[in-house]
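Here the structure is laid out as structure tokens; the discussion comes afterwards.
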Amino acid sequence: MCGRFTVKTPAIKVGELFDLSGIDDFEPRYNVAPTQSVPVIRREEGTTKRELVWMRWGLIPRWAKDLSVGAKAINARAETIAEKPMFRDAYAKRRCLVIADGYYEWKASGKKKQPYYLHFPDARPFAFAGLWERWTGPTESVTSFTIITTAATGKLAWLHERMPVIVPPEHYPLWLPGNGGVSDIPVGINDDLIAEPVSSLVNKVSNDTAECIRPIESNNLLD
DNA sequence: CCAGACGTTGTT
DNA sequence: GTCTGG
DNA sequence: CCAGACGTTGTT
DNA sequence: GTCTGG
């Protein structure tokens, strides 16, 4: 699955890689947690352009009475998003690319949990397949998103049952429907992912520093 | 019909 | 143990 | 996902 | 809002 991730790449570089223009700057994030807001890419309404929008992690459906509903929907199963009432509208009309350059998984070994940091060899940024929704409450309006998961492939299966769907760059246009078209979930490109154990994450979510990534071993343990 | 959930993961 | 907040 | 709380009454 | 369970 995907319960924490990083966005360390400078905004300027993200803008280049994802073909965005005139985006706002943002600080690197080393430990993004659910309910926090991060920059996400979606199709600008009524145009063919991509835009960067800050969204809260955890999809809040339109019918929610309050924000708390979103905390339970940080992931959506690829197998069922087309049918689930909570996700189907967003799946048909409101997809997004969640910018990241790594994410965390926890592997239980005995009574302890070992966090692993997964990333590409060159720390290259990538995009999770996401869905977004706009919720309007009595006093505020919030745009939120969820990250799609699927069954882990053989290479990552040793670590986890589920993995986030990563959209290959060539599928970005397909995933962000600019013409109303709907495509299937793109196949992830996780084969190059490296998983390395980290000593721990920071205790407090708000302590959003590089300290949370401290490899124990430099070798990747995928093989 | 109304009331209550609407989600995922992991662990037992 | 289970729920809430981040 | 993890970390931290998890309760009430009355008094300052 | 819409679906499920009773």
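Below, chains carry the letters A, B, ... as their sequence lines are ordered, and counting in each starts from 1. Just so you know, these numbers come straight off a predicted model, no measurement behind them.
- Under the 4.5 Å side-chain contact rule for hydrophobic residues, A:Ile74 and A:Trp135 do not share a cluster.
- Straight-line distance between the P atoms of D:dT8 and C:dG5: roughly 15 Å, to the nearest whole Å.
- The gap from the P atom of B:dC6 to that of D:dG4 amounts to 29 Å, rounded to the nearest Å.
- The shortest non-hydrogen separation linking A:Thr150 to A:Ala78 is CB-CB, 4.3 Å.
- Hydrophobic clustering places A:Leu176 together with A:Leu59 (ILVMFWY residues linked when any side-chain heavy atoms are closer than 4.5 Å, directly or through intermediates).
- A:Glu83 places its CD atom 17 Å from the P atom of E:dT2, with the value rounded to the nearest Å.
- Across the P atoms, D:dA3 and B:dT11 are found 15 Å apart, a figure rounded to whole Å.
- The gap from the P atom of B:dA5 to that of C:dG6 amounts to 23 Å, rounded to the nearest Å.
- C:dT4 and D:dG7 have their C1' atoms separated by 15 Å, with the value rounded to a whole Å.
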Could you run through nucleotides 6-12 of chain B and give me one letter per nucleotide, 5' to 3': B if any protein heavy atom sits under 4.0 Å from the base, S if only the sugar-phosphate is that close, - if neither?
BBSSSS-

Pairing string of DNA chain D (Watson-Crick or G-U wobble, both atom distances under 3.5 Å; | = paired to other strand) is ||||||......

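- Residues A:Phe126 and A:Phe120 place their aromatic rings such that the two centres sit under 6.0 Å apart.
- Of the side-chain N and O atoms in A:Arg88, one or more sit less than 4.0 angstrom from OP1 or OP2 of E:dC3.
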Run the side chain to side chain contact (heavy atoms under 4.5 Å, CB included) test on A:Tyr116 and A:Glu196 for me, step by step, so that the C-alpha distance in whole Å, both residues' side-chain angles and the decisive distance to 0.1 Å come before the verdict.
CA-CA 5 Å; A:Tyr116 287 79; A:Glu196 58 186 2; 5.8 Å; no

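- Ring centers of A:Tyr103 and A:Phe128: under 6.0 Å apart, within the cut-off.
- Aromatic ring orientation, A:Tyr91 versus A:Trp175: tilted (interplanar angle from 30° to 60°).
- Only the P atoms considered, D:dT9 is 42 Å distant from B:dC1, to the nearest whole Å.
- Residues in residues 51-72 of chain A take part in these side-chain hydrogen bond (donor to acceptor under 3.5 Å, both in side chains) pairs, two or more places apart or across chains: A:Arg42-A:Glu51, A:Arg62-A:Glu133, A:Asp66-A:Ser68.
- Here A:Arg56 lies out of heavy-atom contact (under 4.0 Å) with every strand.
- Spacing between atom CZ of A:Phe5 and atom C1' of C:dG6 amounts to 13 Å, rounded to whole angstrom units.
- The distance from the CE atom of A:Met163 to the CD atom of A:Glu105 is 10.5 Å, given to the nearest 0.5 Å.
- Rounded to an integer number of Å, the gap from CG of A:Asp66 to P of B:dA5 is 13 Å.
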